[in-house]
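Can you keep this structure in mind? I'll have questions shortly.
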Amino acid sequence: MRSVIRGVGSALPKRVMTNDDMSKVVDTSHEWIVERTGIHARHIAGEGETTRTLAVAAAKDALAAAGMAADEIDLVIVATSTPDQTFPATATSVQADLGIHHGMAFDVQAVCSGFVYALTTADALLKAAQGKAALVIGSETFSRILDWTDRGTCVLFGDGAGAFVLTAEENPGDRGILACKLHSDGRYNDKLYVDGGPSTTKTVGHLRMEGKEVFKHAVVNIASVMQEVLNDAKLPASAIDWFVPHQANRRILEGTARKLGISEDKIVLTLDRHGNTSAASIPLAFDVAVKDGRIRKGDLVLMEAMGGGFTWGAVLARL
Ligand code: UT7
């Protein structure tokens with residue numbers, strides 16, 4: 001039994017904010033942002049656009065791609081650090097908006113690693129016969145928790161959502177999720193965090209990051225977890241057709257690809273137009289590459305992410 005990716009979808013807020021727009025808000029420049037990160041623009045949620053609405057739009061897009069109806073879904077997982085409310089889980093709101101009245105829905109909070117955490121959780125639940133089909137969504141509105149006076153962080157992030165439809169298949173051949181691996185190390189809690197919360201400040205807080213520290217750990221942790229899933233699946237890095245990384249920084253994702261010997265033309269890069277959309281970045285990038293015809297049925301795809309916690313992980317799947 002394997003979980004097979006049946007459909008992929010995404011959604012973006014209407015408003016695009018370029019680096020030049022950003023330089024009107026904080027003391028920065030297009031040149032600095034491109035050189036240090038690779039980002040050219042990002043989408044920013046406007047009034048009425050929330051993590052929930054973006055998640056629902058991405059889910060509908062993924063269901064259409066899968067050729068499935070919403071009521072065929074038994075499990076809805078939303079990976080997010082920017083929920084519409086502290087509770088209930090955004091996943092239950094998405095479930096309601098899609099008209100699904102059975103099964104289960106919950107959120108996963110692993111910051112930028114949220115999507116690989118959610119995918120691994122959905123895979124485990126499907127394998128445990130807790131349902132036959134799952135919607136796994138990464139949806140974020142980080143623009144709402146940014147400190148718009150801190151040029152070290154506000155230039156990096158964007159809003160958006162992406163979704164996968166997974167189905168449990170008895171004999172999928174070589175298709176499906178082949179290996180998943182998750183890690184966390186809470187000693188690094190204070191390197192990337194939000195300085196507020198319901199139980200402490202009773203506020204939402206703002207994102208804080210020691211960029212250099214995160215960068216240092218990211219390359220090492222990501223390269224090592226990528227190797228772990230390849231070892232689990234007994235496949236060499238040369239077998240990978242597409243590398244769909246979390247889109248945090250061009251230097252990080254190119255550095256990790258180089259460490260594993262994955263050539264640059266296999267990297268799906270959407271950071272330039274989306275910025276870092278946290279838990280949404282992998283399914284968003286995946287969907288771009290499916291829609292433009294790069295990722296096709298039968299392709300072997302390696303996904304990875306690292307984020308606050310620290311949390312990190314990787315998933316290897318054949319479409
Ligand atoms: O998705 C979760 C995981 N997150 C990540 O993986 C992010 C990892 N970190 C990074 O991507 C990089 O550390 C950053 C892109 C955040 C920063 O790049 P950096 O090369 O580490 O720069 P820095 O923070 O050391 O700053 C270098 C200089 C500083 O000036 P001084 O002290 O050298 O005079 C900063 O004040 O650049 C300055 N600076 C800026 N200048 C123009 C910082 N932000 C900006 C800015 N525009 N937006």
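Both counts, for ligands and for their atoms, begin at 1 and track the order of listing.
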*asked:* I need the contact residues for ligand 1: any residue with a non-hydrogen atom closer than 4.0 Å to the ligand, ordered by chain then number.
replied: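 Correct list: Asp27, Thr28, Trp32, Arg36, Thr37, Cys112, Arg151, Gly152, Val155, Leu156, Leu192, Met209, Gly211, Lys212, Val214, Phe215, His246, Ala248, Asn249, Arg251, Ile252, Asn276, Met306.
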
*Is the NZ atom of Lys266 crowded by more than 12 outside heavy atoms at less than 6.0 Å?*
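Count over threshold, so yes.
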
*Those residues that, when tested against Asp299, pass side chain to side chain donor-acceptor pair (under 3.5 Å) (two or more places apart)*: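 By the side chain to side chain donor-acceptor pair (under 3.5 Å) rule, Asp299 matches Trp242.
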
*Between Asp147 and His206, does any side-chain donor sit less than 3.5 Å from a side-chain acceptor?*
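There is no such pair (donor and acceptor under 3.5 Å, judged by atom type) between the side chains of Asp147 and His206.
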
_Given 3.5 Å as the limit, does a donor-acceptor pair link the side chain of Glu140 with the main chain of Ser81, or not?_
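Yes; judged by distance alone, with no hydrogens or angles, the pair exists.
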
*asked:* Once you measure the plane-to-plane angle for Phe164 and Phe286, does it fall in the parallel (<30°), tilted (30-60°) or perpendicular (>60°) bin?
replied: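 Answer is perpendicular, since the angle exceeds 60°.
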
_Test salt bridge (charged side-chain N to carboxylate O under 4.0 Å, His left out) applied to Lys127 and Asp123, step by step_ = CA-CA 6 Å; Lys127 282 183 173 148; Asp123 180 47; 3.1 Å; yes

